[in-house]
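Beneath this line is the structure, given in structure tokens, with notes to follow.
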Amino acid sequence: MIRFECDYNEGAHERILQRLMETNMEQTSGYGTDDHCERARVLIRQACGQEEADVHFLVGGTQTNTTVIASILRPHQGVIAAVSGHIAVHETGAIEATGHKVLTVPSPDGKITAAQVKAAYDAHAQELSPEHSVQPGMVYISQPTEYGTMYSKAELEALYAVSKACGLPFFVDGARLGYALASKDCDMTMADLARLCDVFYIGGTKIGALMGEAIVILNDALKRDFRYIIKQKGGLLAKGRLLGIQFETLFEDGLYLEISRHAVDVALKIHDTLKQHGVQFLYDSPTNQQFPILPDSLLAQLSQDYTFTFWEKVDHSRSAVRFCTSWATRPENVEALTRDIVSLLQKDKDPAEFTEAVAVLETAAMV
């Protein structure tokens, strides 16, 4: 079975495993106060162009989102996010479990706009008795989004500007950040992102690390006592050096972007090959997640040899699915996948099927 259902099927990049073995018997201080964590912080600050940034290491994405959001919001506040945002649909109510509501706004492409943030803020402020409803207290996005789409630098500038105007801290979930930065369509660097938000994190779990996320706090008002909150949320790893060593390795020689670029390249190989054979896509993703629309009969046959994620039904006989590549995806597995899909398409191809799929997508886009 060849797996394409997520970007964390494999373990870790060999250089990380080698470094963990080399340092295995070192004696270090705990809880992220060791030399490896400190060097990783220096390297991340350099990549961000922010020498005063606070950098903290946590184990996973849900833990990171929960800890950051809980540290920012007051008890009566919620977080504005896309209706498809990870914290809204894929974290088992983790944010709500801390006593905070996710305030969702519509998003056909996974992104939210500055106008939506302003509208949500104004709608609450203009209520006759605003204290009876949850107050917007911050803004959350992910880069890239759950749909593989990306925010442009101009869109981030607009979101950051409106967030500041409304007094709402702006938080960027970067679980797949490397896959956005490595995309040919990306018009920003990590340093650009660092100046256009209050806090973000760099995902390691999905990009070469065994586990780990690096939180980067830029806003001085959000830095105070953050380690206390990490500890309270169960995130202060005693053997913190295990996280520091991994990010030290990812950032010391450009490895992070190098392996991210590989994932994007093989994902676009899937996209381009299928598009050449008439396949339509649910979203226009330039990153490592691809969402082709394929006949259900084909998917049933394909699932005998490959894993992938069902996304949604498009019509009575077709569904959109997600193929997710990673830093470790083998080119030969991508070749096999595309070859088998094309073969199945040619075997059962009905020209009317693709015309109908296009019509469905155009109708959906107009709604």
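What you see is a predicted model, and the numbers here were worked out from it, not measured in a lab. Computed from heavy atoms alone, side chains included, the values below leave out hydrogens, waters and symmetry copies.
When all heavy atoms of Tyr121 and Pro136 are compared, the pair lying nearest together is CA-CG, 4.4 Å. Of all the heavy atoms in Tyr160 and Arg195, the pair that sits closest is CE2-O, 3.3 Å. Here the closest non-hydrogen pair linking Thr273 and His277 is O-ND1, 3.0 Å. Contact between Asp198 and Pro169 at its shortest, heavy atoms only, is OD2-CA, 3.3 Å. Heavy-atom minimum distance, Pro286 versus Asp185: CB-OD2, 3.3 Å. Across every non-hydrogen atom of Met188 and Leu181, the tightest pair is O-CD2, 3.8 Å.
Other residues, nucleotides and ligands place more than 12 heavy atoms under 6.0 Å from the CG atom of Asp272. Around the OH atom of Tyr31, the shell of radius 6.0 Å holds no more than 12 heavy atoms that belong to other residues, nucleotides or ligands. For Tyr228, the OH atom sits in a loose shell: 12 or fewer heavy atoms of surrounding residues, nucleotides or ligands are nearer than 6.0 Å. The number of heavy atoms from other shown groups lying within 6.0 Å of NE2 (His90) does not exceed 12. Counted within 6.0 Å of NZ on Lys313, heavy atoms from surrounding residues, nucleotides or ligands total more than 12; the atom is thus considered enclosed. Counted within 6.0 Å of CD on Glu52, heavy atoms from surrounding residues, nucleotides or ligands total 12 or fewer; the atom is thus considered open. Residue Tyr8 qualifies as open at atom OH: its count of foreign heavy atoms under 6.0 Å is 12 or below. In Met1, the CE atom is crowded: over 12 heavy atoms of neighbouring residues, nucleotides or ligands sit closer than 6.0 Å.
The distance from the CD atom of Gln116 to the CG atom of Leu159 is 9.0 Å, given to the nearest 0.5 Å. How far CE of Met190 is from CD1 of Ile44: 8.0 Å, rounded to the nearest 0.5 Å. Separating the OG1 atom in Thr329 from the CG atom in Asn288 is a distance of 8.0 Å, to the nearest 0.5 Å. Note that CE of Met21 is 15.0 Å distant from CD1 of Ile16, once rounded to the nearest 0.5 Å. Here CG of Asp192 is found 4.0 Å from NZ of Lys153. Values are rounded to the nearest 0.5 Å. In this structure, CD1 on Ile69 lies 10.5 Å from OG1 on Thr64, to the nearest 0.5 angstrom.
In summary, Glu252 and Arg39 engage in a salt bridge, as defined by a charged side-chain N under 4.0 Å from a carboxylate O. Classification of Glu248 and Arg15 as a salt-bridged pair fails, no side-chain N sitting under 4.0 Å from a carboxylate O. Salt-bridge formation is not detected for the pair Arg261/Asp265: no Lys NZ or Arg NE/NH1/NH2 atom is positioned less than 4.0 Å from an Asp or Glu carboxylate oxygen.
In this structure the side chain of Val162 never reaches within 4.5 angstrom of the side chain of Thr113, judged on heavy atoms. Within the 4.5 Å cutoff, the side chain of Leu294 has no heavy atoms near those of the Leu344 side chain. Between Arg45 and Val55, the closest side-chain pair of non-hydrogen atoms falls below 4.5 Å. At least one side-chain heavy atom of Ile80 sits under 4.5 Å from a side-chain heavy atom of Leu168. Side-chain contact between Ile217 and Phe226 is present, with heavy atoms from C-beta onward closer than 4.5 Å. You'll find the side chain of Leu274 reaches within 4.5 Å of the side chain of Phe281, heavy atoms only. Between His271 and Val279, every side-chain heavy-atom pair lies at or beyond the 4.5 Å cut-off. Residues Asn65 and Phe171 are in side-chain contact: their nearest non-hydrogen atoms beyond the backbone lie under 4.5 Å apart.
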* To do: Assess whether side chain to side chain contact (heavy atoms under 4.5 Å, CB included) is satisfied between Lys118 and Cys166, documenting all intermediate values.
  => CA-CA 8 Å; Lys118 185 64 163 60; Cys166 295; 3.9 Å; yes
Start with the C-alpha distance between Ile72 and Tyr140, add both sets of side-chain angles, then the distance that settles side chain to side chain contact (heavy atoms under 4.5 Å, CB included), and finish with yes or no.
CA-CA 12 Å; Ile72 292 174; Tyr140 163 98; over 6 Å; no
Give the intermediate values and the outcome of side chain to side chain contact (heavy atoms under 4.5 Å, CB included) for residues Thr205 and Asp7. CA-CA 9 Å; Thr205 301; Asp7 37 21; over 6 Å; no
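Linking ILVMFWY residues whenever their side-chain heavy atoms come closer than 4.5 Å, directly or via other members, leaves Leu73 and Val139 in distinct clusters. Cluster membership for Tyr151 and Val117, using ILVMFWY side-chain heavy atoms within less than 4.5 angstrom, is shared. In the hydrophobic clustering of ILVMFWY residues, with side-chain heavy atoms under 4.5 Å counting as a link, Val216 and Leu257 come out together. Hydrophobic clustering, with ILVMFWY side chains joined whenever heavy atoms are under 4.5 angstrom apart, groups Val199 together with Leu58. A continuous path of hydrophobic side-chain contacts links Leu236 to Ile215 [ILVMFWY only; heavy atoms under 4.5 Å].
A side-chain donor-acceptor contact under 3.5 Å links Ser71 to the backbone of Val68. Under a 3.5 Å cut-off, the side chain of His262 and the backbone N or O of Ala328 do not form any donor-acceptor pair. With Ser107 contributing its side chain and Val83 its backbone, the two residues share no donor-acceptor pair below 3.5 Å. The backbone N or O of Thr23 lies less than 3.5 Å from no partner atom in the side chain of Glu26, so there is not a single donor-acceptor pair. Side chain of His124 to backbone of Ala120: no donor-acceptor contact under 3.5 angstrom is found. Remark: the backbone N or O of Gly148 is paired with a side-chain donor or acceptor of Thr287 at under 3.5 angstrom. At distances below 3.5 Å, not a single donor-acceptor pair connects side-chain atoms of Arg3 with backbone N or O atoms of Thr307. Glu157 contributes no side-chain N or O that, together with a main-chain N or O of Leu196, makes up a donor-acceptor pair within less than 3.5 Å. Panel note: side chain Tyr179, backbone Trp327; a donor-acceptor pair is recorded below 3.5 Å. Remark: side-chain polar atoms of Thr145 are paired, donor with acceptor, to backbone N or O of Thr149 under 3.5 angstrom.
Aromatic rings from Phe247 and Phe57 are positioned such that their centres are separated by under 6.0 Å.
Tyr147 and Asp284 form no side-chain donor-acceptor contact under 3.5 Å, judged by distance and modelled atom types alone. Side-chain polar atoms of Gln143 and Asp173 form no donor-acceptor pair below 3.5 angstrom. For the residue pair Gln18 / Glu22, a side-chain donor-acceptor distance below 3.5 Å is found, with atom types taken as modelled. Between the side chains of Ser319 and Glu312, no donor-acceptor pair of N or O atoms lies under 3.5 Å.
The salt bridge (charged side-chain N to carboxylate O under 4.0 Å, His left out) analysis of residues 96-111, with sequence neighbours excluded, yields the pairs Lys111-Glu155.
Under the 30°/60° scheme for interplanar angles, the aromatic rings of Phe323 and Phe4 are found to stand perpendicular.
For Arg322, the side chain to side chain contact (heavy atoms under 4.5 Å, CB included) partners are Cys6, Arg176, Gln289, Phe291, Thr309, Trp311, Cys324, not counting sequence neighbours.
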